[in-house]
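To keep things clear, I will list the structure first and then write my remarks on it.
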Amino acid sequence: MSIYSFSFSPTGTSAKILRGIIEGISDVLNTAVIHGDLTFRAVEDIVLTSGDIVIVAAPVYGGQIAPIAKQRLKEINGNNAKCIVVAVYGNRAFENAVVDFASFMSDCGFLVCGAAAFVGEHSYSTADTPIAAGRPDSQDMADARTFGEAIALKIRTDQLHEVSASSLTDEPSPAESIVNFRNFVAGYRQQQSETPVAYLPQVDTSLCDDCGSCYDACPTEAITPDFRDADPSRCIKCCACVKICPQGARRFHSPFAKTLSENFNFRKSPRWIL
Ligand SMILES: Cc1cc2nc3c(=O)[nH]c(=O)nc-3n(C[C@H](O)[C@H](O)[C@H](O)COP(=O)(O)O)c2cc1C
C-alpha cells in the first residue's frame with residue numbers, strides 16, 4: 001500500500017491543511033506519503049492500485065471545487081484506490097464542493113472513503129476587508145492533524161470504507177448573512193448583465209519593483225511578461241499574485257470582498273466524515 005497526497009493551492013491554504021493531515025497520518029503510521037503539487041501542472045505518471053490511498057485537497061470556488069483543480073486531476077486513474085477529498089473554503093460556505101469533489105474522484109475510478117471541509121483565509125481577504133484572515137490557524141492545524149490521525153487509525157484497522165459525501169453539510173450561517181449575501185449577488189448579476197465590468201488583479205506601478213514573483217506564482221500563466229497586466233481569458237482570480245507580492249503592489253478589488261467580510265466574520269470550524 002502507498003499513500004499519496006495532491007493539492008491544488010494558489011494561495012497556499014489547501015496545501016497547508018493537507019500538510020497538517022499528512023503529519024497526523026505520519027504520527028500514527030510509519031509510512032512515507034508521496035506528495036504531488038498540482039498548482040502548476042497536471043498529475044502525470046502515476047499508476048495506482050486498489051490498495052493505495054490518495055488524499056487530495058483543493059479550494060472551493062463559487063460553491064464548487066475549483067474547476068482548474070479538476071482539470072489538473074483529470075488524467076488520474078483511481079483503479080479502485082481509496083481516496084479522501086478535502087475542500088478548503090473561505091468561511092462563507094462550501095455548498096456543493098465536497099459532493100462535487102467526491103463525485104469527480106469517483107468518476108476517476110476512486111472509492112471515496114472520507115471527505116472534509118476546512119477553512120482557509122479567503123482569497124479576497126485584505127487588511128480592510130478581512131475574511132477568515134490568518135486561517136488556517138493553530139486550531140485548524142491541530143484539527144487537520146487530528147483528522148490525519150483518524151484516517152491513519154482507519155487505515156491501520158482496515159476500516160476505511162466508502163462514505164456518502166452528501167452527509168457532510170455546511171455549518172449554518174446566520175439567516176441575515178445569507179440574505180445579505182444573496183441580495184448582493186443578485187444586484188451584482190443585474191449590474192453585470194447591464195454594464196459588464198471585467199474585474200482583474202491590478203498593479204500599482206509606483207510600488208512594483210519588477211521582481212516577477214506574481215508571474216511565477218500565477219498557476220495559469222495569466223500575468224503578462226512585463227508584469228503589468230493579467231490576461232482575462234486566463235486569470236481565474238485566485239489572488240496568488242496579490243498574496244505573493246512582496247511590495248503589496250498587486251491588488252484585486254473584488255466586488256465581493258466587503259459583503260463577505262461583513263457577513264461571514266464568525267468562525268466556522270472544520271468538518272469531516274470517515
Ligand atoms: C474565484 C473564487 C471563488 C471562491 N468561492 C468561495 C465560496 O464559494 N465559498 C467560500 O467560502 N470561499 C470561496 N473562495 C475562497 C477560497 O475557497 C479560499 O480562500 C481558499 O482557502 C483558497 O485556497 P488556496 O489557498 O488553496 O488557494 C473563493 C475564492 C476564489 C478565488
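Start at 1 and go down the list; that is how both ligands and their atoms are numbered.
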>> Just to confirm my output: which protein heavy-atom neighbour is closest to atom 28 (C) of ligand 1, and how far is it?
In response: Val60 O, 3.3 Å
> Which heavy atom of the protein is the closest neighbour of atom 23 (O) of ligand 1, given with residue, atom name and distance?
Replying inline: Thr13 OG1, 3.0 Å
>> Just to confirm my output: which protein heavy-atom neighbour is closest to atom 10 (C) of ligand 1, and how far is it?
In response: Gly90 N, 3.3 Å
> Val203 and Gln247: side chain to side chain contact (heavy atoms under 4.5 Å, CB included), yes or no, with the steps?
Replying inline: CA-CA 10 Å; Val203 68; Gln247 306 299 328; over 6 Å; no
>> Under 4.0 Å, heavy-atom basis, I'd like to know which part of Asn91 is in contact with ligand 1: side chain, backbone, both or neither.
In response: backbone
>> Assess, by modelled atom type and distance only, whether the side chains of Ser103 and Ser106 contain a donor and an acceptor separated by less than 3.5 Å.
In response: no
>> Counting non-hydrogen protein atoms only, what is the nearest one to atom 9 (N) of ligand 1? Give residue, atom name and distance.
In response: Ala93 O, 2.9 Å
> Hey, does Gly63 sit under 4.0 Å from ligand 1 if you only count heavy atoms?
Replying inline: yes
> For the residue pair Phe184 and Tyr188, does the interplanar ring angle fall in the parallel (under 30°), tilted (30 to 60°) or perpendicular (over 60°) class?
Replying inline: parallel
> Near Gly120, which atoms of ligand 1 are under 4.0 Å from a heavy atom of that residue?
Replying inline: 21 (O)
> Parallel, tilted or perpendicular for Phe147 and Phe118, by the 30°/60° rule?
Replying inline: tilted
> Of the protein's non-hydrogen atoms, which lies at the shortest distance from atom 29 (C) of ligand 1, and what is that distance?
Replying inline: Ser123 OG, 3.4 Å
>> For atom 7 (C) of ligand 1, what is the closest protein heavy atom, and at what distance to 0.1 Å?
In response: Arg92 NH2, 3.7 Å
> What do you reckon, does Tyr89 have a nitrogen or oxygen under 3.5 Å from a nitrogen or oxygen of ligand 1?
Replying inline: no
> Is Arg228 salt-bridged to Asp210, cutoff N-O under 4.0 Å?
Replying inline: yes
>> Can you name the atoms of ligand 1, numbered from 1 with element, that are less than 4.0 Å from a heavy atom of Val88?
In response: 17 (O), 20 (C), 21 (O)
> Going by atom types only, do Lys243 and Ser123 share a side-chain donor-acceptor pair under 3.5 Å?
Replying inline: no
>> For Lys70, is there an ion pair with Asp107 - N to carboxylate O distance below 4.0 angstrom?
In response: no
>> Taking 4.0 Å as the limit for heavy-atom contacts, which would you say applies to Lys237 with ligand 1: side chain only, backbone only, both, or neither?
In response: backbone
> Applying the side chain to side chain contact (heavy atoms under 4.5 Å, CB included) test to Thr39, which of Pro219, Cys218, Ser14 qualifies?
Replying inline: Pro219
> Is any side-chain heavy atom of Asp143 less than 4.5 Å from a side-chain heavy atom of Trp272?
Replying inline: yes
> Identify the closest protein heavy atom to atom 5 (N) of ligand 1: which residue and atom is it, and at what distance?
Replying inline: Gly62 N, 2.8 Å
>> Which option wins on minimum heavy-atom distance to atom 15 (C) of ligand 1: His122, Lys268, Lys16, Gln64?
In response: His122
> Parallel, tilted or perpendicular for Tyr124 and Phe252, by the 30°/60° rule?
Replying inline: tilted
>> With heavy-atom distances below 4.5 Å as the criterion, would you say the side chains of Leu274 and Leu160 are in contact?
In response: yes
> Which of the atoms of ligand 1 are close to Ser9, meaning less than 4.0 Å from one of its heavy atoms?
Replying inline: 24 (P), 25 (O), 26 (O), 27 (O)
> Heavy-atom contact under 4.0 Å between Tyr124 and ligand 1?
Replying inline: yes
> Quick one: which ligand 1 atoms are inside 4.0 Å of a heavy atom on Glu121?
Replying inline: 18 (C), 19 (O), 21 (O)
